[in-house]
Amino acid sequence: MQFTYVNPTQINFGQGQIESIKSVIPQNSKVIVIYGGGSIKRNGVYDQVQSALEGYQWIEFSGVEPNPTKETLDKAVALVKEQDVDFILAVGGGSVIDGSKYVAAAAHYDGDGWDIMVGKHQVTSAVPVGAILTLPATGSESNMGAVITKAETHDKLPFMTPHVQPKFAVMDPDVMKTLPERQLINGVVDAWVHVCEQYLTVTHGAMVQDGYAEALLKNLKSLGEQFDQRDSDAWRANLMWNANQALNGLIGSGVQHDWATHMIGHEFTALWAVDHARSLAIVQPSLLRNQFAVKKEKLEQMGKNVFGLADSDTLAEQTIQAIEAFYHSLGVATQFDGYEGTKDQAVESVINQLEQHGMVALGEHQAITLEQSRQILDLAITA
Ligand code: NZQ
Ligand code: ZN
């Protein structure tokens with residue numbers, strides 16, 4: 001274990017916390033409020049933001065779509081530059097927060113913001129960002145990552161820089177009351193896979209990271225099993241905090257990461273607009289089977305410690321089946337059939353995307369080449 005760890009995002013958690021933004025956004029800031037398709041207008045969040053921002057000079061930008069696009073966000077970049085905005089307040093789910101991170105970095109750059117996504121421009125500064133989270137899933141509210149889509153070319157790419165990590169994250173579980181069931185389920189699944197990407201790798205004996213990852217997985221499993229209690233304050237608060245902890249950097253410190261499920265899943269979203277979480281459930285079981293030999297020990301550990309399975313020769317495979325059963329219990333599919341044309345064409349289109357994006361050596365051993373991805377897709381896409 002060798003690592004540097006800091007998570008500088010101040011978390012203001014709990015009911016009624018939206019008004020606390022006035023104590024964390026510097027006075028005299030010119031603020032831009034960035035939001036999505038309008039859910040915040042319908043559930044009272046916008047009104048709370050408006051009243052908390054009384055006395056600030058502020059403007060707004062709406063219309064950030066799920067899987068936010070460069071095309072839309074560039075309009076916000078222009079606005080931030082034009083209006084000399086010096087604080088970005090993202091109010092929404094992962095898409096709005098990710099989009100705001102892109103805007104923050106691109107506004108401090110003279111060229112095309114997409115240069116950031118393809119590594120042509122290294123971010124050295126950004127407009128400060130704060131977040132009011134309305135959908136617990138991605139962990140974007142307190143991490144330094146963002147995933148942006150170029151609609152024109154169907155490219156969905158991640159970038160990471162500490163400059164865009166939110167200064168604060170307001171997490172009021174009450175805002176989840178208007179979330180459709182589908183999005184609540186997406187939150188459970190996305191957070192689950194985030195833990196797996198940092199845990200289901202090799203045996204390294206890092207007790208804190210493994211133990212905490214297992215605690216989060218057990219919690220998420222319980223929240224899934226108690227889905228009928230989703231209207232309770234406790235259920236909401238627990239999902240919100242679990243999803244945050246799943247991807248705030250802690251369990252990933254000093255251990256190997258995988259992220260192949262995410263990279264392949266992103267292509268399903270880019271090609272067929274599959275919800276992010278659902279793309280992961282499609283890819284992960286097949287990927288675990290493909291990488292069975294190298295992940296066997298960790299699968300066995302997860303089987304015992306998360307699912308309470310007994311030791312046996314088939315424990316690792318039983319663990320994969322338990323993961324699938326968990327997704328199915330939430331009504332989430334683990335195979336994809338939403339393509340047009342033939343299965344071979346569908347597999348090939350994902351492979352082409354992966355190749356174009358340089359995703360040719362994925363996973364904790366960089367062992368998932370295009371050939372391995374093809375085998376994974378062959379299992380994950382139905383005939
Ligand atoms: O746009 P609005 O009107 O707000 O509606 C949204 C959207 O339609 C709605 N919604 C959000 N909060 C709501 C609500 N509806 C009612 N009540 C509320 N309180 O939910 C829909 C989906 O929102 P979105 O932000 O797209 O979902 P999510 O949080 O799952 O974010 C997904 C995006 O995050 C990226 C994904 O790739 C995807 O683009 N990710 C970001 C990560 C990161 N930054 O660390 C990691 C993740 O692995 C992921 O890749
Ligand atoms: Zn994710």
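When a ligand or atom number is given, it counts from 1 through the structure's own listing order.
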Please work out whether any backbone atom (N, CA, C, O) or any side-chain heavy atom from C-beta onward of [X] is under 4.0 Å from ligand 1, and answer side chain, backbone, both or neither.
X      : answer
Met176 : neither
Val45  : neither
Leu179 : both

Closer than 4.0 angstrom: is that true for some heavy atom of [X] and an atom of ligand 1?
X      : value
Glu65  : no
Asn186 : no
Val175 : yes
Gly38  : yes
His194 : yes

Checklist entry - For the Zn ion (ligand 2), which N, O or S atom of Asp190 is at the shortest distance? => result OD1
Checklist entry - By atom name, which N, O or S atom of His276 is the nearest to the Zn ion (ligand 2)? => result NE2
With atoms numbered from 1 as shown, which atoms in ligand 1 lie under 4.0 angstrom from a non-hydrogen atom of [X]?
X      : value
Gly36  : 1 (O)
Pro66  : 7 (C), 8 (O), 26 (O)
Ser140 : 43 (C), 44 (N)

Checklist entry - With a 4.0 Å cut-off, strictly under, does atom 6 (C) of ligand 1 pick up any protein heavy atom? => result no
Checklist entry - Going from CE on Met171 to CD1 on Ile11, what distance comes out if it is rounded to the nearest 0.5 angstrom? => result 5.5 Å
Next on the checklist: Centroid separation under 6.0 Å, is that true for the rings of His108 and His163?
Outcome noted: no
